Amino acid sequence: MIKLVILDRDGVINHESVYYIKSPEEWIPIPGSLEAIVQLNKAGISVAIATNQSGVGRGYYDLAMLETIHQKMQQSLAKLGGHIDLIEYCPHRPEGDCECRKPKPGLITKILAYFKLDPKITRVPTIGDSLRDLKAAKAVNCEPILVLTGNGKSDQFLLPNELKATPIYANLAEAVHSLLKEDNYVIS
């Protein structure tokens, strides 16, 4: 049984922007994504987010604004009866070469430690819209899943051999539906 699903944020839960999501007004959920998270919650599955947020390091927004964006996301979910259990983010610029910026697995490692899960023992699907999300998941034995929202439409053609078997879905709602169906969760 799945105990945890890890999600990327931009391009999976909300619309991606090449100009960054810099305010709560710019955070716009992808249709069906919030409902998919609620379905995971109802199935008793914890939901965590691992997201690169280099806009902080670039000075486009600060940590207080990032928190405000995340509050909007949580409030939007709460209206539907859902929530995110944990949000881990990397605020660094790509050239900083930190351990937390995907495709390095630092964010996912922190999430796994928080939930005390070993992906060698417990199945941990990790849903992203980019190659860097999939690489980070694979690096720590999580199950990478690609959605075609956000960068997924282009990144699906960039999968290296070790990721060729990655399941691909149109969006988060479709991916979650498949996960819940194959693990026989009964959603009330």
Side-chain angles (χ1 to χ4, degrees), residues 1-15 24 27-53 66-90 100 102 105-130 133-150 152 163 165-188:
M1 297 288 277
I2 300 169
K3 296 180 180 179
L4 170 68
V5 172
I6 300 173
L7 307 174
D8 179 43
R9 194 191 81 180
D10 302 335
V12 175
I13 300 171
N14 57 279
H15 290 282
W27 186 89
I28 301 168
I30 294 170
S33 65
L34 298 181
E35 294 81 0
I37 293 168
V38 171
Q39 290 298 302
L40 291 169
N41 294 153
K42 286 183 177 180
I45 299 170
S46 297
V47 179
I49 293 176
T51 180
N52 287 347
Q53 292 296 318
L66 181 60
E67 179 59 31
T68 302
I69 294 166
H70 288 161
Q71 286 173 358
K72 178 184 179 183
M73 179 175 58
Q74 292 281 31
Q75 290 166 352
S76 299
L77 279 164
K79 289 178 185 174
L80 300 174
H83 65 277
I84 301 294
D85 296 283
L86 179 66
I87 301 171
E88 291 289 345
Y89 58 86
C90 171
C100 57
K102 296 180 286 182
L107 293 176
I108 296 175
T109 301
K110 284 175 72 174
I111 291 168
L112 294 171
Y114 177 87
F115 288 100
K116 298 178 175 70
L117 292 176
D118 180 348
K120 293 178 185 172
I121 299 168
T122 304
R123 181 178 179 206
V124 183
T126 303
I127 303 172
D129 71 315
S130 69
D133 298 322
L134 306 180
K135 286 181 174 181
K138 186 80 169 173
V140 289
N141 298 306
C142 288
E143 177 185 331
I145 297 172
L146 182 68
V147 292
L148 298 179
T149 47
L163 290 168
T166 299
I168 300 174
Y169 297 98
N171 52 41
L172 180 59
E174 189 179 287
V176 166
H177 176 77
S178 178
L179 287 172
L180 295 176
K181 184 177 176 185
E182 69 186 61
D183 264 16
N184 298 314
Y185 285 94
V186 178
I187 308 299
S188 55

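Since we're looking at a predicted model, the values are computed, not measured.
In this structure, the side chain of Thr166 engages the main chain of Leu163 through a donor-acceptor pair within 3.5 Å. With hydrogens and angles disregarded, a donor-acceptor distance shorter than 3.5 Å links the side chain of Thr109 to the backbone of Pro105. No side-chain donor-acceptor contact under 3.5 Å links Asp85 to the backbone of Ala48. Side-chain atoms of Ser178 do not come within 3.5 Å of backbone N or O of Ala175 as any donor-acceptor pair. The closest donor-acceptor contact from the side chain of Thr149 to the backbone of Gly11 lies under 3.5 Å. In this structure, Lys102 contributes its side chain and Ile108 its backbone to no donor-acceptor pair below 3.5 Å.
Summarising the geometry of Leu146 relative to Ser130, their closest heavy-atom pair is CD1-N, 3.8 Å, with the distance given to 0.1 Å. Here the shortest heavy-atom pairing between Gly128 and Asp133 reads CA-OD2, 3.4 Å. The minimum heavy-atom distance between Ile111 and Ala50, with the atom names listed, is CD1-CB, 3.8 Å.
Here the CG-CG distance, from Asp8 to Asn52, works out to 7.5 Å after rounding to the nearest 0.5 Å.
Remark: Asp129 engages no residue in a salt bridge (Lys or Arg N to Asp or Glu O under 4.0 Å) (not counting sequence neighbours).
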Contacts table for residues 69-76: side-chain donor-acceptor under 3.5 angstrom, sequence neighbours left out:
unit_1, atom_1, unit_2, atom_2, d
His70, NE2, Arg9, NH1, 3.0
Lys72, NZ, Pro24, O, 2.7
Lys72, NZ, Trp27, O, 2.9
Gln74, OE1, Ile84, N, 2.9
Gln74, NE2, Ile84, O, 2.9
Ser76, OG, Lys72, O, 2.8

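Considering only heavy atoms from C-beta on, Ile145 comes within 4.5 Å of Leu179 through its side chain.
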